[in-house]
There are 2 protein chains.
Amino acid sequence: MRSKRPETNFRISHRGLSSPLLRFTDFVSCPLDTSLSGLGRKWTLAIIRDIGLYGVDRFSRLRKSIPDIPPKVLATRLKQLEAQGIVRKSVEKARPPKIVRWSLTEKGLDALRVEMAVAAYGSRWYAGDVFEDGRPRSMREIYNHRGIQLFTKIL
Amino acid sequence: MRSKRPETNFRISHRGLSSPLLRFTDFVSCPLDTSLSGLGRKWTLAIIRDIGLYGVDRFSRLRKSIPDIPPKVLATRLKQLEAQGIVRKSVEKARPPKIVRWSLTEKGLDALRVEMAVAAYGSRWYAGDVFEDGRPRSMREIYNHRGIQLFTKIL
DNA sequence: CCGCATCCGGTAAGATACTG
DNA sequence: CAGTATCTTACCGGATGCGG
């Protein structure tokens with residue numbers, strides 16, 4: 001999308017903040033945009049979540065776990081994610097019905113950290129929809145120790 | 001999108017991991033999906049980034065900082081983000097050319113944390129496109145102390 | 001000029017049926 | 001079971017217009 005920064009240049013200009021938020025200002029292209037080109041299309045994060053977090057590894061199971069996705073879109077996304085090295089498939093030739101299993105690569109597992117940040121945002125700002133009691137929750141309340149570990153490895 | 005979990009139920013089923021990643025299994029709806037309904041549309045994260053991180057506060061400046069966005073889409077997104085309480089606008093009536101300034105609300109600033117996770121992913125896996133020397137970088141290398149603080153408040 | 005609104009063509013997504 | 005094929009629809013992208 002965008003490779004040049006605006007002239008205003010890496011500063012928070014409101015609420016009194018004025019120190020630069022980013023240490024490296026010499027991005028060739030924005031790392032947000034590059035990520036979004038791989039993860040930003042519709043249904044992509046839901047697919048990675050269901051494979052990686054819930055262990056849904058079959059095409060037909062994914063259709064059930066993501067009820068509104070059209071099979072064409074699911075097939076397209078899986079192909080794109082495979083090409084990106086985010087998911088990998090293993091085919092088991094059982095004559096008529098061939099069994100295909102999908103799993104996450106290391107890069108795909110890493111994308112789960114992004115998803116946890118997105119989900120944490122939802123738990124804070126859409127608690128009314130997310131939780132039965134409607135109370136916002138922090139990540140520490142949602143994820144157990146292993147989840148927190150996975151997440152903090154971002155740093 | 002999806003409000004029911006699949007029967008496989010919150011377990012990582014590959015690479016030997018078997019402990020549940022999520023502590024709360026009683027989501028009414030998935031916090032990832034709720035977040036994506038607000039942040040998932042095209043250009044949304046770029047707009048929030050340029051307002052919040054770069055201080056771009058005018059319609060025309062946003063058009064320059066996000067060169068490929070059509071003005072219609074920008075206007076639509078700003079309206080949607082305002083309705084969600086993520087951005088807010090202040091109109092300054094300077095007769096003929098009315099000046100509209102956009103800024104982030106608290107909810108919008110919180111969305112920057114999500115973006116930092118997305119950008120960190122990009123810095124790890126698309127370093128060849130992002131950095132001149134092509135070397136992947138961790139968040140600690142990209143963000144300064146204030147950025148890290150902002151980010152770790154997720155926990 | 002600035003902040004949009006309108007129109008219009010293209011492409012991606014949705015619905016359904018079907019096949020190896 | 002794991003996807004294609006086909007068709008329709010919704011959204012995006014690009015150009016242009018227009019009132020302050």
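Each chain gets a letter, A, B and so on, in the order its sequence line appears, and its residues count up from 1. Predicted model only: the values in this text are computed from it and were never measured.
Helix-axis bend for the helix from dC1(C)-dG20(D) to dG20(C)-dC1(D): the local axis fitted to the five terminal pairs at one end deviates from that at the other end by 30°, rounded to 10°.
K89(A) has its NZ atom 9 Å from the C1' atom of dA2(D), to the nearest Å. Remark: P of dG3(C) and CD of E82(B) are 14 Å apart, rounded to the nearest angstrom. Whole-Å rounding puts the L74(A) CG to dT4(D) C1' distance at 13 Å. Between the CD1 atom of I99(A) and the P atom of dG3(D) there is a distance of 11 Å, rounded to whole Å. The CD1 atom of I47(B) sits 11 Å away from the P atom of dC12(D) (whole-angstrom rounding). Spacing between atom NZ of K98(A) and atom C1' of dA2(D) amounts to 6 Å, rounded to whole angstrom units. Between the P atom of dA2(D) and the CH2 atom of W102(A) lies a distance of 10 Å, rounded to the nearest Å. Between the CD1 atom of I66(B) and the C1' atom of dG3(C) there is a distance of 16 Å, given to the nearest Å.
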*Reading nucleotides 8-19 of chain C 5' to 3', which nucleotides get B (base under 4.0 Å from a protein heavy atom), which S (sugar-phosphate only), which -?*
B---SBB-B---

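Residue contacts for K79(A): at a heavy-atom cut-off of 4.0 Å it reaches the sugar-phosphate backbone alone, with no base atom in range.
Partners of P136(A) by side-chain contact (heavy atoms from CB on, under 4.5 Å), not counting sequence neighbours, listed by chain and number: A127(A). Annotation: side-chain contact (heavy atoms from CB on, under 4.5 Å) contacts of S35(A) (sequence neighbours excluded): V118(B), Y121(B). Residues that satisfy the side-chain contact (heavy atoms from CB on, under 4.5 Å) test with P70(B), not counting sequence neighbours, are W43(B), V73(B). A search for side-chain hydrogen bond (donor to acceptor under 3.5 Å, both in side chains) contacts involving E115(A) returns nothing, not counting sequence neighbours. Every side-chain hydrogen bond (donor to acceptor under 3.5 Å, both in side chains) that R101(B) has, sequence neighbours left out, goes to D57(B).
Of the side-chain N and O atoms in S60(A), none sit less than 4.0 angstrom from OP1 or OP2 of dC1(D). Taking 4.0 angstrom as the limit, R58(A) places none of its side-chain polar atoms (N or O) nearer than this to OP1 or OP2 of dC1(D).
For A75(A), taking side-chain heavy atoms from C-beta onward, the closest of the listed nucleotides dT4(D), dG3(C), dC1(D) is dT4(D).
Panel note: side chain R88(B), backbone L104(B); a donor-acceptor pair is recorded below 3.5 Å.
Sorted by first and then second residue, the side chain to side chain donor-acceptor pair (under 3.5 Å) pairs involving residues 74-83 of chain A (not counting sequence neighbours) are R77(A)-Q80(A).
At a threshold of 4.5 Å between non-hydrogen side-chain atoms, the residues K89(A) and L78(A) do not count as touching.
The pair R49(A)-D33(B) counts as a salt bridge, with a side-chain nitrogen and a carboxylate oxygen less than 4.0 angstrom apart.
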